[in-house]
Amino acid sequence: MPMWRKYFLGFIFCLLTTPVWAGTAEISFNDSSFQFLYEYLFQHQNDNADAPPAAPEEALPELFSGHYGLVIANARYLHNDDKDIEMFSGGLDLAGQPFIDNPTLQMRIGAKLYTGKANGKVDFLNIAIALRGEYVIPDTERMGISVGFNYAPKVFSFGDSAHLMETEVRLSYALFPRLNAFISYQNIRCDLVDDERVGVDNSVRLGFSGLF
């Protein structure tokens, strides 16, 4: 069995052993690549210990409130057949509303660890600062736009690479309360020690994300 399949099956096992209502899972793909992402939402503790736990449908808006904020752990696997790419990333984000009276806008800031191999020859290990904005279009209620930017400076870069940079633009649509469809453009690139630039990913993908 190819090595990437072993990692992927292990990742799926970890997902299946996670308690329900813990977070979101998504898969995106095109003709030559796929990406799997899982995010775990750390819920705040209720100040009233005697109060019964809220149902998932009732708890979700409170989790995303600007008053409490949110801590999100994430893990991702990317595989591309054409470019011989295997990549894992994982990290923590702090999320919340920058404007309390505008619940349609969410912002994230965090850190991510990247590791993998590109083009069959480049081993990279980078720690990036991550920024992301997510906006729900009020008039549509179902449609959202998100933009992400991650950057790993040279001081946080190891292996053969430096200055890893990732950008993503995504348009999503809520099919059901717990299921979204989306189309995204993702670009990941890094510099080698000999100043050559390598493209890790440069793809448009269709995908689905679900709340569990």
Side-chain angles (χ1 to χ4, degrees), residues 2-18 22-29 33-43 69-80 83-96 106-134 146-170 184-203 205 207 209 212:
M3 185 62 67
W4 73 267
R5 295 183 186 273
K6 296 180 180 179
Y7 285 124
F8 185 64
L9 290 175
F11 193 58
I12 292 295
F13 175 78
C14 292
L15 172 62
L16 294 177
T17 56
T18 303
T24 61
E26 69 174 51
I27 186 167
S28 57
F29 54 88
S33 67
F34 74 88
Q35 180 171 273
F36 187 84
L37 171 70
Y38 179 69
E39 294 186 327
Y40 184 90
L41 311 180
F42 291 93
Q43 303 185 26
L70 187 67
V71 178
I72 304 173
N74 52 76
R76 170 178 58 171
Y77 174 72
L78 169 66
H79 174 78
N80 189 313
K83 295 185 178 182
D84 193 15
I85 292 171
E86 305 283 348
M87 189 194 80
F88 293 88
S89 69
L92 285 174
D93 292 334
L94 300 177
Q106 303 288 332
M107 298 294 295
R108 294 190 188 189
I109 183 170
K112 286 183 171 51
L113 174 68
Y114 291 79
T115 182
K117 182 182 290 290
N119 300 329
K121 63 178 182 178
V122 181
D123 292 311
F124 54 92
L125 179 62
N126 308 83
I127 301 174
I129 304 300
L131 300 172
R132 189 175 186 86
E134 301 172 348
S146 59
V147 178
F149 176 77
N150 303 343
Y151 177 70
K154 186 176 181 180
V155 69
F156 294 147
S157 300
F158 312 94
D160 301 325
S161 67
H163 304 118
L164 184 142
M165 182 183 300
E166 175 180 0
T167 55
E168 185 198 14
V169 179
R170 175 182 297 197
S184 67
Y185 169 72
Q186 180 174 277
N187 183 283
I188 305 174
R189 58 187 180 181
C190 60
D191 295 333
L192 301 185
V193 292
D194 57 1
D195 294 330
E196 178 187 356
R197 177 159 291 185
V198 172
V200 178
D201 188 39
N202 184 27
S203 303
R205 294 189 182 89
S209 63
F212 295 90

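Every heavy atom of this structure was used, including side-chain atoms; hydrogens, water molecules and symmetry mates were not.
With rounding to the nearest 0.5 Å, the separation of CG in Leu125 from CG in Asp123 is 9.5 Å. Here the CZ atom belonging to Arg205 is positioned 5.5 Å from the CD atom belonging to Gln186, to the nearest 0.5 angstrom. A distance of 7.5 Å separates CG in Leu37 from OG in Ser89, rounded to the nearest 0.5 Å. In this structure, the separation between CG on Leu41 and OG1 on Thr24 is 6.0 Å, given to the nearest 0.5 Å.
Nearest heavy atoms, Ile127 versus Pro153: O-CD, 4.2 Å. The two residues Asn187 and Tyr185 come nearest to each other via the heavy atoms ND2-OH, 3.3 Å. Between Phe124 and Glu86 the shortest heavy-atom distance is CZ-O, 4.4 Å. Asn150 approaches Tyr114 most closely through the heavy-atom pair ND2-OH, 2.8 Å. Minimum heavy-atom separation, Ser157 to His163: OG-N, 3.6 Å. The two residues Leu92 and Asn74 have their closest heavy-atom pair at N-ND2, 4.4 Å.
Gln35 and Glu26 form no side-chain donor-acceptor contact under 3.5 Å, judged by distance and modelled atom types alone. With hydrogens and angles left out, the side-chain atoms of Asn126 and Ser161 include a donor and acceptor closer than 3.5 Å.
Counting heavy atoms from C-beta outward, Leu131 and Arg108 have side chains that stay 4.5 Å or more apart. In this structure, Met165 and Ile188 have side chains that are not in contact, with every pair of non-hydrogen atoms separated by 4.5 Å or more. Contact annotation: the side chain of Thr167 never approaches that of Val169 to less than 4.5 Å [non-hydrogen atoms, C-beta and beyond]. Residues His79 and Ser33 have side chains not in contact (no heavy-atom distance under 4.5 Å, counting atoms from C-beta outward). Contact check for Tyr151 versus Ile129: no side-chain heavy atoms found under the 4.5 Å cut-off.
A salt bridge is defined here as a Lys NZ or Arg NE, NH1 or NH2 lying under 4.0 Å from an Asp or Glu carboxylate O, and Lys112 with Asp93 meets this definition. At a threshold of 4.0 Å, the pair Glu39-Arg76 does not count as salt-bridged, since none of the basic side-chain nitrogens sits closer than that to a carboxylate oxygen.
The six-membered or imidazole ring of Phe36 lies away from that of Tyr77, with a centre-to-centre distance of 6.0 Å or more.
Within 6.0 Å of CZ on Phe156 lie no more than 12 heavy atoms contributed by other residues, nucleotides or ligands.
Checked against salt bridge (Lys or Arg N to Asp or Glu O under 4.0 Å), Arg132 has the following partners two or more places apart in sequence or in another chain: Glu134, Glu168.
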